[in-house]
Amino acid sequence: MPMDFQILDADYEVVNDSGPVIRLFGRGADGKSVCCFVPDFEPYFYLKASGDLHAVARLIKDTFEQVKKVEIVEKFEPVGYQKTKKEMLRVTTRLPKDVPEIRDEILKIRDVLRAEGDWQVYESDILFRNRFLIDRALGGMVWVSAEGKPVDPVRYLGAGSAWRSRCENFACDSAVLASGLKRVENLAIAPLKYLAFDIECLPLDGGMPSPDVSPIIMISFSFEPEYKGHKTLILLAKPAAGMDGDVLSCMDETEMLNKFFEIICEYDPDIVAGYNHQDFDIPYITERVKALVAKGETINSVVGRDGSPIGYRKFGLITRTEMKGRVVVDALPLVRRAFSLKQYTLRAVSKELLSREKLDVPPLEMEEHWNDSGDKFRKFVDYARRDSELALELVLELRLLDKYIALAQVSGSLLQEIVDGGQTSMVETLLLREFGLKDRVILPKPGDELSAERYDMSSDLKGGEVLEPKKGLLENVLILDYKSLYPTIMMAHNLCYTTVVTRDRPDGKTIKPPSGGEFVPPEVFRGIVPSILEDLLNKRGDTKKRMKRTSDENEHRVLDATQLAIKILLNSFYGYSGYARARLYSLTLANAVTSFGRSNILNTRDLINGRIGKIVLRNSAALLLEEAGKLSPQDRIVELSVAYGDTDSVFVHCKAKGDLSLEEVSLVGNRLSEIVSASLPDPMELEFESVAKRALLIAKKRYALWLFEPRNSGWENKIKVKGMETVRRDWCELTSITLNRVLEFVLIEGDVDKAVEHVRKVVSDVRNLDPGKDAGIIEKLVLTRTLTRKADSYKNKQPHLTVAENLKKRTGIMPSIGTRIPFVITAGKGLFVDRAEDPDYVRENNVPIDVDYYVKKQILPPVERILEVFGVKMSSLDFDAKQKGLFDFEVKKPEAKKQEKSSSQKGTNGKILEKAPEEKARYSENGRVEQRSLFDF
DNA sequence: TGTCTCGCCTAG
DNA sequence: TAAGCTAGGCGAGACA
């Protein structure tokens, strides 16, 4: 009976003397956890050598006992168009670990032979498990069907060897020795088991706990699905009576830790979740176990499906943990990547994303709570329980893993690699697979020296073109953008590592990008990257079609994650080509892509401004002037001009006599998309995205749009803000609330006076703050910034550094690099940086706030940047509290703007505004809805 | 006082 | 075994 399962993890084990055996860990559709052994896969790498290859091959075979065979094969080199393949050696070793060893020794052979010329090793640094997955066209979260016989892992791997103890702990419902293995197409996701945990330590004096001295006193679990009827379970390191059924008390810490590991193995989770457990809990437990064992305690710390113990490794600042056969998922980095928040403490994140409160016990009171046996103790237990609940909820309710699972399936990398890492492993997996199929070898990862060299060069990589915006308020602006610009450029112009002309010259013409360099056309050699991209693009199209067809919510979600994953992958290849640590790095390629991009957007602008210029609307058709022929009085002429553009987008301002309806503007948008797309090589395409009824352009990368998008019934409208202070986390909420309100007045109501009035009110309210009564206001005055480096490597003073150092003085704990530090500016003299202070400290100690700073530096400058477009002066917005209401503000409107304003108050928008007021603009930031209240206290 | 540079965050 | 890329605005410290 073949066994179907989804691949969660893979590695290999050496079975006695018979060579390596691949192990695939997975979960079957029936819910059983599976370990599948695959023998007969051999490690190998390639060598390009000079001289008599037969002699080199013989010498390698004779010199190294670990070499099983050396074959002469024909391969293309990794980079550059080549007319013919080259003879190389394929060296097969007995064990995976022999590959790096022999690679390091191999240049000695060259010396022995006194060979001249270029020797180069290829694909010698691919992890064996990845080599297997790539060569067999398998990958992470892929379904496979295994033929073979059931085996007992203990007998199969064990046989009295050093693996014995591991094997005895081997955990899976069924193990199989595969004789055949094939990939199965299946959209479903196996019934995965999720476990989240969180530990509580008892620190000395409320400081940072240290595993040598501070015991772990509680561990909380959350399970999905339940574990023996428990959704949560809390382990205590002391006997306790009268607790609820989800609390398990142990005699001491050692017993608790043993229970912890036992439950993990018994529950047998696929996903081990936590919040910052990768950096804190797992290393802490590991070190604590070491410390206890050193004291003579006995702890069996198995967590892996193969019986391996808990552990972690540090690479510079980054900690990596591994649980064989499972996937360690830390919700913290996932949330960071998925949501732009002011802070990423579990408290802030739970509140913001789950609308749930974290419970808390301050470190200084922990000892007291722990030693209590009544309410305080129960409160402590509940606090522990809540933390693991929240971690699991973050992963499940926010569906944080959907995207990563889809990325694994599409790219072929293992889920753990994708959750941990960036785009590199995914791109490399795809490249290795396709290069392999086309007989092309791939370079090893560059060393530090080469990377540094490349890094210095990378200033030679030019990016996208940003058009100077027509600053001010415009009506009827079309938003168009290029669909997957860089990938489609690579496809359209056959840009690839394999098509760039380096040594061999093709016979015919070449493709010459504006940045220089030459690439062969697809007729001569179809680039591998373009063909990967084409596959991905097609797959994405199919996925989107299936999404439209399905009515099943679950399937829809999986398909949506898949198309999103494909989009991410499509866009990863360009970045990878300019990445200094890439196996395949080519500035020529990267520059070719962006240079085509730049000339493309400039051409588009000129095409729209110049050759197209105007569009004639006649009988619901949008015509070019030349198509329209003789104009009649009923024709409406729309004048076009590009108002802004960034890399792959163009904003087109439409002007006509009288008002334009959304339908009319859309006709123009669709026609423009057609005309421009037709002028481009396949598959490049300019897409008509949406209509902005009004657009406020402030500067490059700073604008706000009042967008209208067609929906089943009429038009849906929203305000979209880019780059301005409302979307920046280093400005306070007071700024974003005020600015959002100003934008609403200006964009939706077209009423500058109301905006001015509003700002005056806010300023006056702030100036008249009663710190006693309005304590809650501090929340709205908090700015945050990321601590990005060590304290001593800052050249200038920084407010968040000041605060971080204050925190260190007070608590002894320096926030770690990467933490977002909240702060407010307090009253006093001197530099702002010196007056930055921790908001909690300010609240607790009633430290006065620098009101003037908030008015002059937080509210007014961003507001002024908007209102100065309408001739409003800053001086009219601020006044001392004492002078309140003594003079009137002054608004001076330029004629043109005045016209726009008045036309917008009636006319076109009459209809829209009637329909819109209640479902007015929503500021969607990560899909959340911004509070609409102004400044309520 | 004006200019330069650092630092951060965002757009795409 | 750390890490896709560049363009760009803006505040405020540093420095002449």
Which nucleotide in C:dG4, B:dC8, B:dG12 has an atom nearest any side-chain atom of A:Lys722
B:dG12
Please determine whether a side-chain nitrogen or oxygen atom of A:Lys797 lies at a distance below 4.0 Å from atom OP1 or OP2 of C:dG13.
no
With sugar-phosphate meaning primed atoms plus P, OP1 and OP2, does A:Gln423 contact a base, only sugar-phosphate, or nothing at under 4.0 Å between heavy atoms?
base
Counting only side-chain nitrogens and oxygens, does A:Arg865 get under 4.0 Å of the OP1 or OP2 atom of C:dC10?
yes
At 4.0 Å (heavy atoms only), tell me whether A:Leu831 reaches a base, stays on the sugar-phosphate, or touches nothing.
sugar-phosphate
Of the candidate nucleotides C:dG4, C:dA2, C:dA7, which contains the atom at the shortest distance from the side chain of A:Tyr574?
C:dG4
A:Lys857 side-chain N/O to C:dA12 phosphate OP1/OP2 under 4.0 Å:
yes
Nucleotide B:dC9, atom P - distance to NZ of A:Lys342 in whole Å:
11 Å
Just wondering, do A:Val500 and A:Leu589 contact through their side chains at under 4.5 Å, heavy atoms?
no
Check the distance between C:dA3's C1' and A:Tyr576's OH and give it to me in whole angstrom.
13 Å
According to a strict under-4.0 Å criterion, is A:Lys700 in side-chain N/O contact with OP1 or OP2 of C:dG9?
no
What does A:Phe573 touch in the nucleic acid at a heavy-atom separation under 4.0 angstrom: a base, only the sugar-phosphate, or nothing?
nothing
Measure CZ/A:Arg336 against P/B:dT10 and give the value in whole Å, please.
13 Å
Students often get this wrong, so: under 4.0 angstrom with heavy atoms, is A:Thr788 touching a base, only sugar-phosphate, or nothing?
sugar-phosphate
Applying the side chain to side chain donor-acceptor pair (under 3.5 Å) test to A:Tyr404, which of A:Gln409, A:Gln416, A:Arg337 qualifies?
A:Arg337
Under 4.0 Å, counting only non-hydrogen atoms across every strand here, what does A:Tyr853 touch: a base, just sugar-phosphate, or nothing?
sugar-phosphate
Once you apply a heavy-atom cut-off of 4.0 Å, does A:Gly463 come out as touching a base, just sugar-phosphate, or nothing?
sugar-phosphate
Just to confirm, is there a sub-4.0 Å distance from OP1 or OP2 of C:dG9 to any side-chain nitrogen or oxygen of A:Arg728?
no
So what does A:Tyr794 touch, heavy atoms closer than 4.0 Å: a base, only the sugar-phosphate, or nothing?
sugar-phosphate
Write down the distance between CG (A:Asp646) and P (C:dC5), rounded to a whole number of angstrom.
18 Å
Are A:Arg129 and A:Glu417 close enough for a salt bridge, meaning some N to O gap below 4.0 Å?
yes
So what does A:Arg313 touch, heavy atoms closer than 4.0 Å: a base, only the sugar-phosphate, or nothing?
base
Is A:Glu13 salt-bridged to A:Lys324, cutoff N-O under 4.0 Å?
no
Between B:dC8, C:dC5, C:dA2, which one does the side chain of A:Arg785 approach most closely?
B:dC8
When all nucleic acid strands are considered with a 4.0 Å heavy-atom cut-off, which category describes A:Ser572: base, sugar-phosphate, or nothing?
nothing
Rounded to whole Å, CZ of A:Arg702 lies from P of B:dA11 at a distance of 9 Å
State whether A:Tyr703 places a side-chain N or O below 4.0 Å from either non-bridging phosphate oxygen (OP1 or OP2) of B:dG12.
yes
Check: A:Arg729 side chain, B:dT10 base, donor-acceptor under 3.5 Å:
no
Check ion pair A:Lys700-A:Asp646 (N to O, under 4.0 angstrom)
no
Provide, to the nearest angstrom, the distance between the CZ atom belonging to A:Phe832 and the P atom belonging to C:dA12.
5 Å
Distance check needed: B:dG12 C1' versus A:Glu465 CD, whole Å only.
13 Å
Could you check whether A:Lys701 gets within reach of a base, just the sugar-phosphate, or nothing at all, counting any heavy atom under 4.0 Å?
base
Ignoring backbone atoms, test whether A:Arg820 places a side-chain nitrogen or oxygen under 4.0 Å from the OP1 or OP2 oxygen of B:dC9.
yes
Assign A:Gly723 to base, sugar-phosphate, or nothing according to its heavy-atom contacts below 4.0 angstrom with the strands shown.
sugar-phosphate
Under the salt bridge (Lys or Arg N to Asp or Glu O under 4.0 Å) rule, collect the residues that match up with A:Arg581, sequence neighbours excluded.
A:Asp448
Stepwise side chain to side chain contact (heavy atoms under 4.5 Å, CB included) test for A:Leu443 and A:Tyr585
CA-CA 10 Å; A:Leu443 288 159; A:Tyr585 169 82; over 6 Å; no
Under 4.0 Å, counting only non-hydrogen atoms across every strand here, what does A:Val427 touch: a base, just sugar-phosphate, or nothing?
nothing
Describe the nucleic acid contact of A:Tyr455 in one word from base, sugar-phosphate, nothing, applying a heavy-atom distance below 4.0 Å.
nothing
Decide, yes or no, whether a salt bridge links A:Asp834 with A:Lys797 under the criterion of side-chain N to carboxylate O below 4.0 Å.
yes
Distance check: side-chain N/O of A:Thr786 vs OP1/OP2 of B:dC9, anything under 4.0 Å?
yes
From CD of A:Glu868 over to C1' of C:dC10, roughly how many Å is that when rounded to an integer?
14 Å
Side chain of A:Asp730 - closest among B:dG7, C:dT1, B:dC9:
B:dC9
